[in-house]
2 protein chains.
Amino acid sequence: MTSTPDAVRAGAARAASVRGESAAPGRLCPEQGAAPARRVPKPRADALRNRERLVTAAREMFVEFGPQVPYDEIARRAGVGNATLYRNFPERADLVHEVVLSLMGRVAGIAERAMAEEADPFEAVRRFTLAAADERVGALCPMLDGAFDKEHPDLVVERERVEEAVAELVLRAQRAGRLRADVGVGDLMVAVSQLARPLPGTAGDAFAPFVRRHLLLFLDGLEAPARSELPGTPATLEDLRRDTCPAS
Amino acid sequence: MTSTPDAVRAGAARAASVRGESAAPGRLCPEQGAAPARRVPKPRADALRNRERLVTAAREMFVEFGPQVPYDEIARRAGVGNATLYRNFPERADLVHEVVLSLMGRVAGIAERAMAEEADPFEAVRRFTLAAADERVGALCPMLDGAFDKEHPDLVVERERVEEAVAELVLRAQRAGRLRADVGVGDLMVAVSQLARPLPGTAGDAFAPFVRRHLLLFLDGLEAPARSELPGTPATLEDLRRDTCPAS
DNA sequence: CCTAAACGGGGACGCGCTCCCCGGTTATTT
DNA sequence: AAATAACCGGGGAGCGCGTCCCCGTTTAGG
């Protein structure tokens, strides 16, 4: 054995993950000061392709079967060997992290686009809600219990992007008098996630039309003027984080 | 070994379960025709107590951790040995069956009481919805995938009781012009289940106030007059069954 | 064309759940 | 109240399944 780059890469990935850095290859990391100019071999094209395929497959499998789905099955779905999966994501937390990150990015984009392109601010909320459901935000729920670093820098950045966009969305609609004033961002996010949450066992899409109906009904309840008086206070996202992650 | 009643009981339970009969002890089964008057030993009082404890513990554990929770943990929560659990419910399907049955009974009672005691028909819907959520109907969702006999006679009876009561509840509210006409029983049941569905990892009750808010918002959307036009058709319970159980 | 990194899949390890066995305990029976 | 039979409890063996690694082969890049 002259050199075992597989093992080296895997070890590096694990270490980077622990330090809270992104383990994604393809990102040229500047030489670390005194480190003796170790040539960072640029990753191969097919390697990146496979990595992307794995994340996509993982997202689909997580949505359908939850985050406990066997590693080997994910690899099979992605059309690669299981070793490739283990090389890229030495532990499950890494994979979950990547999937959550990708999903949040999509949702943030949706919110920003809805805000930019929709004239009526309540219509923007509606469009965001339905599109977010299509992205299966509900699949995030089962991942909350999984032990993955919720304070990872990359994740915090993306989360703040989502929060900011949706908060703005809500605020505009409320200022326009189209959205009732006694609801918060947290109310919207959680209810959407719950209503769009996939049922286990259903291949996935048989329910889509019903989910749409229920979201629209909920949105009707959100519209101003309020038809009833709500108990408690508008839920912020901090409220939710406090209740779901009592440890942090 | 002179006689092993434990094994006999377990075997009998398994057979009865397959035949679609209730395996509950305490129910005196009339002597089966030509069978030579085998004395059916009346079950002991503590045995029934333990059985009831097990069902209660199972319901709690299912709500909190899903129907895959380890058998031994359920026994521990119930404060009995694991053998007792295996004696009463030789396979997981039996236990799930019992829990679902118990839950459906409670929900049916809630619906009937709401209808009888509430003057305003929409208020009856609201009361039913909130009470059903308190009973954790949402916990039913994760059990849909589990392989348990959904056509078991006992279950069908209870299911029809629920359906009839809720359908009547909806119909009355619609006839009174208080509930929008373009929603069906299925819309109500599924949305409530989803909104009240417990999040994994949360010990359970931190979210209760938020769930209440979201249910009330949804109910506001349900109120007549309709604020938007819904796509598709009102969901009946048959629609849902067809989509969740494609095999049957 | 050559080199080295990445791939694939077969198989062993180990964990955790299931399930049973048997000595002790408790409710019923006369 | 004593006898008896059913029931209970918990410890441990069996085993299925997911995780993880090894190594011969393939493939991209120079």
Side-chain angles (χ1 to χ4, degrees), chain A residues 1-14 23-26 38-54 57-58 61 65-96 146, chain B residues 1-14 25-26 38-54 57-58 61 65-96 146:
Chain A
M1 84 179 176
T2 55
S3 70
T4 57
D6 281 347
V8 171
R9 279 277 317 277
R14 186 184 302 263
R38 178 90 73 90
R39 227 174 60 82
V40 180
K42 169 172 60 177
R44 268 162 50 169
D46 56 341
L48 273 74
R49 246 202 321 277
N50 281 338
R51 190 187 165 89
E52 220 37 60
R53 278 189 186 184
L54 282 168
M61 299 290 275
F65 304 102
Q68 304 297 349
V69 69
Y71 244 45
D72 285 27
E73 294 295 322
I74 299 174
R76 173 198 304 273
R77 162 88 60 124
V80 304
N82 57 5
T84 303
L85 180 51
Y86 278 99
R87 259 190 301 272
N88 280 280
F89 306 99
E91 40 196 294
R92 192 172 284 266
D94 301 331
L95 185 55
V96 174
Chain B
M1 85 178 176
T2 55
S3 69
T4 57
D6 280 349
V8 171
R9 276 278 315 278
R14 185 183 304 260
R38 178 89 73 90
R39 230 171 60 81
V40 181
K42 168 172 61 178
R44 271 163 50 169
D46 55 343
L48 273 72
R49 244 201 325 275
N50 281 338
R51 189 186 166 89
E52 220 37 59
R53 276 188 186 186
L54 282 168
M61 300 291 274
F65 305 102
Q68 305 296 351
V69 69
Y71 244 45
D72 285 29
E73 293 295 320
I74 299 174
R76 173 198 303 274
R77 161 89 62 124
V80 304
N82 57 5
T84 304
L85 180 50
Y86 278 99
R87 258 191 302 273
N88 279 280
F89 306 98
E91 40 196 295
R92 191 172 283 265
D94 300 332
L95 184 55
V96 175

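Sequence lines set the chain letters: A, B, ... in the order given, protein chains first and strands last, and positions in each chain run from 1. In this text, all values refer to a predicted model and were calculated from it rather than measured experimentally.
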* To do: Scan residues 73-84 of chain B against DNA chain C and write down, sorted by residue number, each residue with any heavy atom closer than 4.0 Å; if none is found, say none.
  => B:Asn82, B:Ala83
* To do: Of all the heavy-atom pairs spanning A:Thr84 and A:Val80, show the shortest one and how long it is.
  => CB-CG2, 4.2 Å
* Does A:Ala83 have any side-chain contact (heavy atoms from CB on, under 4.5 Å) partners at least two apart in sequence or in another chain, and if so, which? -> A:Arg87
* Structure fact -> B:Arg51 CZ to D:dC8 C1', in whole Å, measures 16 Å
* Structure fact -> With sequence neighbours left out, the residues meeting salt bridge (charged side-chain N to carboxylate O under 4.0 Å, His left out) with B:Arg44 are B:Asp46
Close N or O pairs between protein and nucleotides 26-28 of chain C (under 3.5 Å):
unit_1: C:dT26; atom_1: O2; unit_2: B:Arg44; atom_2: NH1; d: 3.1

* Is the number of heavy atoms from other residues, nucleotides or ligands within 6.0 Å of CZ (B:Arg92) greater than 12? -> yes
* Asked: Which one, C:dT18, D:dT19, C:dC7, comes nearest to the side chain of A:Arg87?
  -> C:dC7
* For B:Leu85 and D:dC7, give me the distance from atom CG to atom P, rounded to whole Å. => 16 Å
* **Nucleotide nearest B:Arg92 when distance is taken to its side chain, options C:dT18, C:dA6, D:dT19** => C:dT18
* Asked: To the nearest 10 degrees, how far apart in direction are the end axes of the helix from C:dC1-D:dG30 to C:dT30-D:dA1, each fit to five base pairs?
  -> 30°
* To do: Search all heavy atoms of A:Tyr71 against all heavy atoms of A:Phe89 and return the closest pair with its distance.
  => OH-O, 2.9 Å
* Structure fact -> Sequence neighbours excluded, the answer for salt bridge (charged side-chain N to carboxylate O under 4.0 Å, His left out) partners of A:Arg76 is A:Glu73
* To do: Write down the distance between OH (A:Tyr71) and P (C:dG9), rounded to a whole number of angstrom.
  => 18 Å
* Asked: Base, sugar-phosphate, or nothing: which does A:Asp72 touch, judged by heavy atoms less than 4.0 Å apart?
  -> base
* Asked: Between B:Tyr86 (OH) and D:dG11 (C1'), how many Å, whole number?
  -> 14 Å
* **Residue pair A:Ile74 / A:Ala57: nearest heavy atoms and the distance that separates them** => O-CB, 3.9 Å
* Nearest whole angstrom, please: distance from the P of D:dT26 to the CG of A:Asn50. => 17 Å
* To do: Mind calculating the distance between CG (B:Leu54) and P (D:dG9) to the nearest angstrom?
  => 9 Å
* How about B:Leu54 and B:Arg51: do any of their side-chain heavy atoms sit closer than 4.5 Å? -> no
* Can you tell me how far P of C:dC20 sits from CZ of B:Phe89, to the nearest Å? -> 17 Å
* **Partners passing ring-ring contact (aromatic ring centres under 6.0 Å, His included) against B:Phe65 (at least two apart in sequence or in another chain)** => none
* Kindly write out the residues that satisfy salt bridge (charged side-chain N to carboxylate O under 4.0 Å, His left out) with A:Arg77, not counting sequence neighbours, or none if the list is empty. => A:Glu60, A:Glu64
* Asked: Quick one: side chain to side chain donor-acceptor pair (under 3.5 Å) partners of A:Asn50, sequence neighbours excluded?
  -> none
* To do: May I have the distance from A:Glu91 (atom CD) to D:dG18 (atom P), rounded to whole angstrom?
  => 20 Å
